[in-house]
Amino acid sequence: NITGWVVGRLVIEREVINTHLTVEGDVEIPDGSVIGGRLVCGAKVRAAALGSRAGVPTGLVVGSLPGAKKKAEQLEGVIAQAEERRAAFLEERQQLRDSKAAPDARSRERETELAFHLQQLDQLLNRATRGRDALRKRIDTRWTVDVEVAKALYHGVQITVGSDCYEILE
């Protein structure tokens with residue numbers, strides 16, 4: 001009865017019983033079984049058995065990267081906020097430059113502050129955009145799934161790949 005998140009590869013020697021796990025890498029249970037609960041895996045799953053003779057409801061979701069999707073969504077928010085702040089700073093800087101009054105020390109200092117903030121925002125936008133794009137690429141390319149069940153696949157097991165769900169009935 002464990003709920004958890006694993007970044008990387010997970011190797012289990014025996015059974016995984018009634019556990020809710022999300023694994024961003026491969027899952028290997030070569031001599032054991034997944035019985036009950038839900039296993040979300042972003043890559044390859046190798047197990048001796050899925051489910052049990054009693055038909056315990058067991059969920060397996062493969063080809064999903066919930067961690068990467070969540071991080072990409074967070075980066076979208078960071079990018080949107082940074083772009084809004086950048087636009088406001090650019091507008092303020094333009095207003096200072098368009099002012100017909102001769103620039104005084106205060107307006108020159110504010111323009112320097114704005115230049116600094118714009119530089120910081122440009123660096124943030126560059127890093128966040130590169131990170132988001134790399135995550136999107138990872139999400140899009142990880143949809144190749146590999147599930148290997150060596151001994152038994154019992155009824156009551158539900159395997160989800162993307163939006164498709166397959167239930168073992170007998």
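- Ser99 places no side-chain N or O within 3.5 Å of a backbone atom of Gln95 that could act as its donor or acceptor partner.
- The distance from the CD atom of Glu167 to the CD atom of Gln158 is 5.0 Å, given to the nearest 0.5 Å.
- Shortest non-hydrogen contact noted between Leu124 and Ala82 is CD2-CB, 4.0 Å.
- Heavy-atom contacts from other residues, nucleotides or ligands closer than 6.0 Å to CZ of Arg132 number more than 12.
- One finds the OG atom of Ser33 at 8.5 Å from the CD1 atom of Ile17 (value rounded to the nearest 0.5 Å).
- Annotation for Asn18 and Gly37: closest pair OD1-N, 3.6 Å, computed over non-hydrogen atoms.
- Interatomic distance, OG1 of Thr129 versus CG of Leu75, reported as 8.5 Å (0.5 Å rounding).
- Distance CZ/Arg86 to CG/Leu125: 7.0 Å, rounded to 0.5 Å.
- Between Val23 and the options Val7, Leu39, Val45, a side chain to side chain contact (heavy atoms under 4.5 Å, CB included) holds for only Leu39.
- When atom types are taken as modelled, the side chain of Ser107 and the backbone of Pro103 share no donor-acceptor pair closer than 3.5 angstrom.
- For Arg110, the CZ atom sits in a packed shell: over 12 heavy atoms of surrounding residues, nucleotides or ligands are nearer than 6.0 Å.
- Val56 and Val149 are not part of a single hydrophobic cluster, where members link through side-chain heavy atoms under 4.5 Å apart.
- If you run side chain to side chain contact (heavy atoms under 4.5 Å, CB included) between Thr19 and each of Val34, Ile35, Ile2, only Ile2 comes through.
- Using a 4.5 Å heavy-atom threshold, the side chains of Glu13 and Asp31 count as separate.
- By the salt bridge (Lys or Arg N to Asp or Glu O under 4.0 Å) test, Arg14 pairs with no residue at all, sequence neighbours left out.
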side-chain contact (heavy atoms from CB on, under 4.5 Å) between Phe116 and Gln120, worked out: CA-CA 6 Å; Phe116 173 77; Gln120 295 293 309; 3.6 Å; yes
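- In terms of heavy atoms, Glu15 sits closest to Ile12 at O-CG2, 4.2 Å.
- When all heavy atoms are compared, the tightest approach of Ala128 to Ile79 is CB-CG1, 3.6 Å.
- Residue Leu114 holds its CG atom at 6.5 Å from CZ of Phe89, rounded to the nearest 0.5 Å.
- Applying the side chain to side chain contact (heavy atoms under 4.5 Å, CB included) rule to Arg46 yields the partners Glu28, Pro30, Glu148; only residues at least two apart in sequence or on another chain are considered.
- Summarising the geometry of Ala72 relative to Leu135, their closest heavy-atom pair is N-CD1, 3.7 Å, with the distance given to 0.1 Å.
- Between Gln94 and Leu90 there is no side-chain heavy-atom pair separated by less than 4.5 Å.
- You'll find the side chain of Val27 stays beyond 4.5 Å of the side chain of Val16, heavy atoms only.
- With values rounded to the nearest 0.5 angstrom, Leu50 atom CG is found 8.5 Å from Ile168 atom CD1.
- In this structure, the side chains of His117 and Arg93 stay at 4.5 Å or more apart for every pair of heavy atoms.
- A pairwise comparison of heavy atoms in Ala49 and Tyr154 identifies CB-CE1, 4.2 Å as the closest pair.
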